[in-house]
Structure formats: C-alpha cells, structure tokens
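Here the structure comes first, spelled out in structure tokens, and everything after it is commentary.
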There are 2 protein chains.
Amino acid sequence: MRDTKAATHAQRALITLRQRILNGQLAGGTRLFEVALAEDLGISRTPVRAALARLAEEALLDRTTGGGFAVRSFAVRDVVDTIELRGVLEGTAARLAAERGAPVDMLAEAREIIRQIDRLFTADSIDMDSYSALNTRFHAHLSRMSQSDVIQRQIERIIALPFASPSAFLDDHSQQLALIKTLGAAQEQHRAMIDAIANREGARAESLAREHARAARRNVESLLDAEANLREGVPSLAILAS
Amino acid sequence: MRDTKAATHAQRALITLRQRILNGQLAGGTRLFEVALAEDLGISRTPVRAALARLAEEALLDRTTGGGFAVRSFAVRDVVDTIELRGVLEGTAARLAAERGAPVDMLAEAREIIRQIDRLFTADSIDMDSYSALNTRFHAHLSRMSQSDVIQRQIERIIALPFASPSAFLDDHSQQLALIKTLGAAQEQHRAMIDAIANREGARAESLAREHARAARRNVESLLDAEANLREGVPSLAILAS
DNA sequence: TACCTTGCCTTTGTATACATAAGGTGCCCC
DNA sequence: GGGGCACCTTATGTATACAAAGGCAAGGTA
C-alpha cells in the first residue's frame, strides 16, 4: 500500500490520510491540524492543505467554523441512509435508462457482464475477487446507462464511501457462506433490471434497483446485530463511530 | 454586492468567482489559471487556490488532469437532470419522513409555513420575495423532516446550484403572470405532501414531491422554447452553456 | 515530408516566513 | 470573590521564491 507512491506530496498525503480515516485510525470528530499533520507526514503545510481540501470534497472531512477540518463521523444510521441513498440514485439511473431508452450496445454489454458473473457460479467455490470486480463493473455500467452525467456524478460520489459501494462487505470473510447464498438472488435482480430497462419499464427498473441495494443494508444490519468481534474483520465498517 | 466583504481574501475570491461563474461571465469550459486570477483579484496565488478548491467542492469547477481547474459547463440536459434529481431527493426526504414518522412539532411548523404562504394569496398581488423566502423555508424544513443528515446534505448540495433551487425562476419577471397561476397548484402540493407524511403514506409523499419538482422543469423547458430574449432576464439560467 | 527530439515556457507544486485572528489563561481591579 | 481586560499561545491566512513537470513549438534528421 505504501508503494502506491503518487507523483506529488499532496497526492501521497491524500492517500495516506484517506486510509487513516477509512480504517478508523483517525476517529470521527478528530480535528486535523495542518502543522501537526505536516510534521507527521514530513512535508510542509501547503500540500497538507491541498489534501485536506480534497478530503472535504470527498465528504470524509467537515470544515469547522474558523477554517479547520475535522474527521466526519459516521453513525450507524448514516451508513444505512447512505446505502438507501445509493439505492435511490441507482434506481433513478435505471428508471432514466428505461425511460430514455438504452442503446442496444449498452444493453448487450450489461448482459455480457451478467454472463460473466454466471460463469463464476459454475465453479465449486466462488472467486470473490472476480465477483466483486464484475459486480462493480455492472453497477458502473448501469449508472452510465442513465445517459445522465448529473446522475453518474452523484452515484460516483456516494460509492466512494467504502461502506456504500455496491461491492462493500463482499470482502467480509466472517459470514462468507451466508453471503454466497444471497449472490444468486442478486444476480437474478441484475437480470431483471436489464430486462426492465430493455422493455422501457421505468417503475419496475427503479424498484428493482432499490431492492437490490437493500441487500447491502441487511448485511450491515446483521453485522451490527452480531457480536462485536464479527465486526472486526469488516474493513468497510472500520470508519463507524464507536 | 461588492460590499459583502468577507473576512479573508480567500472568501472574497470565492464569492467573486462564484458570481462570475453563475452569471455566465466565466463560460463553461474556461480554464482558470492561478496566476492570472491572482493578478486580476489583486491577491496572491494561495487564497486563489483555496477559493478554487471550494468551488470544486461546490461542483462549479472541474479538476482538470494535471492539477488545474475549469469552469463546469451546464448543458440544458444537465439543468433538467439536476431538477429531476432534486425531485428524487426531496421525494426520498418526504418518504423517509412518512416512514419514520415526523414529530408533531415539525408537522406543525410545516403547516405554519403553509399558512403563511396562504396569507400571501389574500392580497391583490403576490409579494414574490416573501413567497420565495417562505417556499425556500418550506423545502428546507421538508428536508429536515427526513431525519436524515445524509439526505439533507445531498439536498443542500444540489440546491446550491441556482437553477436547481426550489425557488429558482421565481425572480423571472418575463412570465410572471403565467407563473402566478401555477403557485396555487404548488401550494396544494405542499399541503398534500404534509398530509401524506402525517398519514405515513410514504409512496404518496414521494411521488408528490417528485411531481412538485416537475413544475420547475416545465418552467425551464418553456423558457428555453421561448425566444432567446426571454431568457436574458433569467439570472438562474445565465450559467447555461450557449 | 514526416517524425522525433530537445529545449523553453507556462503552470502547478512546495517550502517557508510572516501576518492575523481567536481563544484561553492569568492577573488585576472593582 | 467575581468579572473583565490584556497578553500570549496556537491556529489558519497570505505572500513569495524556487522547484519541477508537462505541453508546445521549432529545428533537425531520416
């Protein structure tokens, strides 16, 4: 990870700080001071400020009154609401795709991704990394099918939060077996969404996408209901306020 | 306008540049150079960079590859999609308010705002500034009723764009009379939304809020269909790519 | 003539010194 | 003893000088 050396100090600082926030090393509410960070990272205040500004843009930091920055804190309800929001936005993307009519080549590509996911199921055990990558590709493609830059931007902004990404929790190894059982259902929803879009059934496409996101929500909720030790293997939830 | 002097150079630069973008003085796609802006504004590059970063955060600038900034260009479709998006988000806020149950005092306040708008209609002519202020208050309150910080943030971010605000186009004096005719319908929708929320009718609340936003969309579309000279008195549309 | 290479020029990246504002603390006066 | 004022500390705000990277143009060569 430390070998992902970017070109500039500001980019390296951005990556480092983002990671510290996402993995919970920097707890929600923590005020970030330029001088302290600069010393810690071994650079000057200027690139630190640049990195902080970008983290604020990513909604990982809040600007405090008086010009400073503080780590945004995410409560359980915020996580749930953010996933709900992803469902709403992806639902809108699906509806717009249906209403505006998706080009045949985009429909074809969506179906090709679905086919590739199907192939993963033929093996004895599922390669989670491949599934995760294909699932992410499917969702990105769905967003594109809306033919709306405005919607696409919004979705990209939301799924930048690790717990809101369509492939969040797939790297959770604690409930792997239970999770795999749900993948078949998810794939069925993928298929139905594209079918609805192809048939110009906007309302159906929208509610399918919303329901699809609910799986992630159920996942979070079951993880949080479980014993605390189950949560520790779930990197997407490290950011949660304790 | 120039007397809205903020405390710091960066804040003044932010205000000045924001205005230049919104009123179309800085056309979409224009690349913004730190040195040139600094000279123009009579300050150094440092506060200029700070202002540019914040404008990127507001989605008025895009970051270009290589570190620069360019004015975001808004096509007609982007404006329409953004209004649609506001409808979707306000719809979600209304649905969540209904599903989660709005506290009685929030319902009471919403009804009080509606009453105040009613009073405006009793006069011979409508005070558009008062209407606009109350309408904005109603929408902000609706957003709050969702009891979701995540949703509220999103809505605030969207309505920061002048053409997406619930009270956009109310200051358009070209079609004033036609506009006033629609205000009664809008007010009826306000009432129905709160009624739906109070009755825990989530789907009804959601679709009412969506339809409510459609009025703004119709407004934009009729303005754009009209002769170009009609558009010139509409500040909210100055940002539109020509 | 077309392409590649080199060098300049433009623009952003970085460090740093100094300015300024705000908040906390301690002392003094009432 | 309490309150207010002033100082000091700590933070961000600003200017500026220099570094480095990327793009463009011009010139040379194949």
Side-chain angles (χ1 to χ4, degrees), chain A residues 1-21 25-73, chain B residues 1-21 25-73:
Chain A
M1 195 117 317
R2 198 49 54 113
D3 40 282
T4 17
K5 285 294 177 198
T8 67
H9 285 164
Q11 284 171 49
R12 278 189 290 275
L14 174 63
I15 291 169
T16 304
L17 292 175
R18 188 195 285 126
Q19 197 152 82
R20 287 191 192 168
I21 294 168
Q25 222 173 314
L26 285 169
T30 307
R31 175 102 183 261
L32 296 184
F33 298 109
E34 295 176 4
V35 183
L37 287 175
E39 277 174 17
D40 183 32
L41 299 171
I43 59 182
S44 78
R45 281 174 57 208
T46 312
V48 169
R49 294 191 90 179
L52 294 177
R54 296 197 65 141
L55 288 167
E57 209 170 319
E58 293 181 18
L60 290 178
L61 296 183
D62 287 325
R63 290 184 188 266
T64 66
T65 57
F69 295 89
V71 179
R72 181 168 167 198
S73 35
Chain B
M1 193 121 319
R2 197 47 53 114
D3 41 284
T4 16
K5 286 292 177 198
T8 67
H9 284 164
Q11 284 171 47
R12 278 188 290 274
L14 174 62
I15 292 169
T16 303
L17 291 175
R18 188 195 285 124
Q19 195 151 85
R20 288 192 191 169
I21 294 169
Q25 220 172 319
L26 285 169
T30 307
R31 176 103 182 261
L32 296 184
F33 298 110
E34 295 175 4
V35 183
L37 286 176
E39 278 174 16
D40 183 33
L41 299 171
I43 58 182
S44 79
R45 282 174 57 209
T46 313
V48 170
R49 295 190 87 177
L52 293 176
R54 298 199 64 143
L55 288 167
E57 209 170 320
E58 293 181 17
L60 291 179
L61 296 182
D62 288 326
R63 289 183 188 266
T64 67
T65 58
F69 295 89
V71 179
R72 181 167 168 198
S73 35

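Below, chain A is the first sequence line, B the second, and so on; all start at residue 1.
In this structure, the separation between CG on B:Leu26 and CZ on B:Arg72 is 16.0 Å, given to the nearest 0.5 Å. Atom-to-atom distance recorded for A:Gln25:CD and A:Thr16:OG1 is 10.0 Å, nearest 0.5 angstrom.
Side-chain contact between A:Arg12 and A:Ile43 is absent, with no heavy-atom pair separated by less than 4.5 Å. The closest side-chain heavy-atom distance from B:His9 to B:Leu41 is not below 4.5 Å. For the pair A:Ile15 and A:Arg18, the minimum side-chain heavy-atom distance is below 4.5 Å. Within the 4.5 Å cutoff, the side chain of B:Leu52 has heavy atoms near those of the B:Leu37 side chain.
A salt bridge between A:Arg63 and B:Glu57 is present, with a side-chain N of the basic residue lying under 4.0 Å from a carboxylate O of the acidic one. Comment: B:Asp62 does not engage B:Arg31 in a salt bridge, judged by the lack of any side-chain N to carboxylate O separation of less than 4.0 angstrom.
No donor-acceptor distance shorter than 3.5 angstrom exists from the side chain of A:Arg49 to the backbone of A:Glu34, with no hydrogens or angles considered.
Here the range on DNA chain D touched by chain B, meaning any atom under 4.0 Å from one of its heavy atoms, is D:dG13 to D:dA17.
Nucleotide C:dT12 holds its P atom 15 Å from the CD atom of A:Gln11, rounded to whole Å.
Contacts with DNA chain D (heavy atom under 4.0 Å) in residues 45-56 of chain B: B:Arg45, B:Thr46, B:Pro47, listed by number. Contacts between residues 31-38 of chain A and DNA chain D, counted as heavy-atom distances below 4.0 Å, involve A:Arg31, A:Leu32, A:Phe33, A:Glu34, A:Val35.
Of all heavy-atom pairs between A:Ala53 and B:Ala53, the closest is CB-CB, 4.0 Å.
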